[in-house]
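Basis for what follows: all heavy atoms, side chains included, without hydrogens, waters or symmetry-related copies.
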Amino acid sequence: MTGIFRKGGLAAMVLAMVLVSGCSRVNMDNYQKLKVGMDFAEVEAIIGGADECSEKVGVRVCTWGNETKNITVTFVAGKATVFGHEGLS
């Protein structure tokens with residue numbers, strides 16, 4: 001029985017990794033859907049929940065993704081104003 005669980009566990013782990021990496025919403029197609037004036041909820045609807053946000057004096061900067069592949073959006077007064085990306089193709 002142990003061998004069956006190991007094989008099943010490994011298969012489940014591989015499937016989870018494929019789903020996570022294959023379903024990334026941090027891609028050029030979604031980046032190009034972002035528009036100036038969108039609010040945070042509209043951006044989240046396109047690229048999902050932010051991985052990191054910081055806020056100073058009414059300016060909120062949020063990043064989706066990691067150090068090598070990401071999208072950064074700056075919000076002023078709750079509206080998207082500046083976009084940037086790294087590692088998207």
Note: Leu88 and Ile71 closest approach over all heavy atoms is CD1-CG1, 3.8 Å

Atom pairs and distances, donor-acceptor, side-chain atoms in residues 28-35, under 3.5 Å, two or more places apart:
| from | atom 1 | to | atom 2 | distance (Å) |
| --- | --- | --- | --- | --- |
| Asn30 | OD1 | Lys33 | NZ | 3.2 |
| Asn30 | ND2 | Arg25 | O | 2.9 |
| Lys35 | NZ | Gln32 | O | 3.2 |

Does a side-chain heavy-atom distance below 4.5 Å link Thr81 with Thr74? yes

Closest heavy-atom contact between Phe75 and Ala80? CD2-N, 3.5 Å

Check whether more than 12 heavy atoms from other residues, nucleotides or ligands sit under 6.0 Å from atom CD of Glu52, and answer yes or no. no

Please check if atom CD in Glu55 has more than 12 non-hydrogen atoms from other residues, nucleotides or ligands closer than 6.0 Å. yes

Which pair of heavy atoms, one from Cys53 and one from Phe40, lies closest together, and at what distance? SG-CE1, 4.2 Å

Tell me whether Val82 shares a hydrophobic cluster with Val59, the cluster being built from Ile, Leu, Val, Met, Phe, Trp, Tyr side chains joined at under 4.5 Å. no

With a 4.5 Å heavy-atom cut-off, do Val43 and Ile47 have their side chains touching? yes

If we only count heavy atoms from C-beta on, is the Glu86 to Thr68 side-chain gap below 4.5 Å? no

According to a hydrophobic-cluster definition based on side-chain heavy atoms being under 4.5 Å apart (Ile, Leu, Val, Met, Phe, Trp, Tyr only), do Trp64 and Val61 belong together? no

Compare all side-chain heavy atoms of Lys56 with those of Ser54 and state whether any distance is below 4.5 angstrom. no

